[in-house]
Amino acid sequence: AALFYLRRVHRFDFQSGSQFASPAELTAATGELCVAALPIAEEVKGDPLAIAAARCAAHVSYLESLTAADEATAADVNAAADKFYADNCVREDQGKFRCPLSGKLF
């Protein structure tokens, strides 16, 4: 989980030891399916294709949970922004609003 955190939040690739400026740059350089190189206990024995499939399934599950967390966070941020606008914008006229905090018209 810590390696996924470093990859997702800090755009750090543990295999190359590199940090990237953006998620797109990281994905372009290393690919999205970085789980294939993670060491696991079953690596010594077993079918390599089954091991790769299990690793890929774990990665897809991880990405789905991150997507759900991103969507929940986005919904919370949008709700907070909507509440702020509702609390701090007074409609003066069609297309004109006043901020009671600063008194500015926009």
Side-chain angles (χ1 to χ4, degrees):
L3 296 176
F4 290 131
Y5 168 80
L6 288 173
R7 183 175 175 86
R8 178 71 174 205
V9 175
H10 298 286
R11 299 166 315 277
F12 180 79
D13 178 51
F14 68 96
Q15 292 172 321
S16 65
S18 302
Q19 186 170 12
F20 295 88
S22 70
E25 187 180 322
L26 171 64
T27 303
T30 63
E32 186 60 50
L33 209 53
C34 65
V35 164
L38 287 175
I40 58 173
E42 297 86 358
E43 195 166 23
V44 178
K45 38 187 151 158
D47 178 25
L49 291 177
I51 293 169
R55 291 177 183 171
C56 291
H59 189 63
V60 168
S61 173
Y62 161 74
L63 291 176
E64 288 170 348
S65 65
L66 282 179
T67 299
D70 287 345
E71 289 170 355
T73 301
D76 291 344
V77 167
N78 288 335
D82 290 343
K83 182 181 180 328
F84 178 83
Y85 291 137
D87 292 346
N88 296 296
C89 293
V90 178
R91 186 176 185 159
E92 296 277 324
D93 198 5
Q94 180 67 25
K96 293 183 181 179
F97 297 88
R98 185 168 305 277
C99 174
L101 300 174
S102 66
K104 291 184 180 179
L105 186 67
F106 57 97

* Structure fact -> One should read off an interatomic distance between D76 CG and E71 CD, to the nearest 0.5 angstrom, of 12.0 Å
* How close do R11 and L26 get, heavy atom to heavy atom, and via which atoms? -> CA-CD2, 4.0 Å
* **Donor-acceptor contact present, side-chain S61 to main-chain A57, <3.5 Å** => no
* To do: Return the minimal non-hydrogen interatomic distance between R98 and F106, and the atom names on each side.
  => C-CE2, 4.2 Å
* Over all heavy atoms of both residues, which pair between F84 and L101 is shortest? Give the atoms and the distance, please. => CZ-CD1, 4.3 Å
* Structure fact -> Smallest heavy-atom separation, P100 atom then C89 atom, equals CD-N, 4.1 Å
* Would the number of heavy atoms belonging to other residues, nucleotides or ligands and lying under 6.0 Å from OH of Y85 be above 12? -> no
* Is it true that F97 and V90 fall in one hydrophobic cluster, defined by side-chain heavy atoms closer than 4.5 Å? -> no
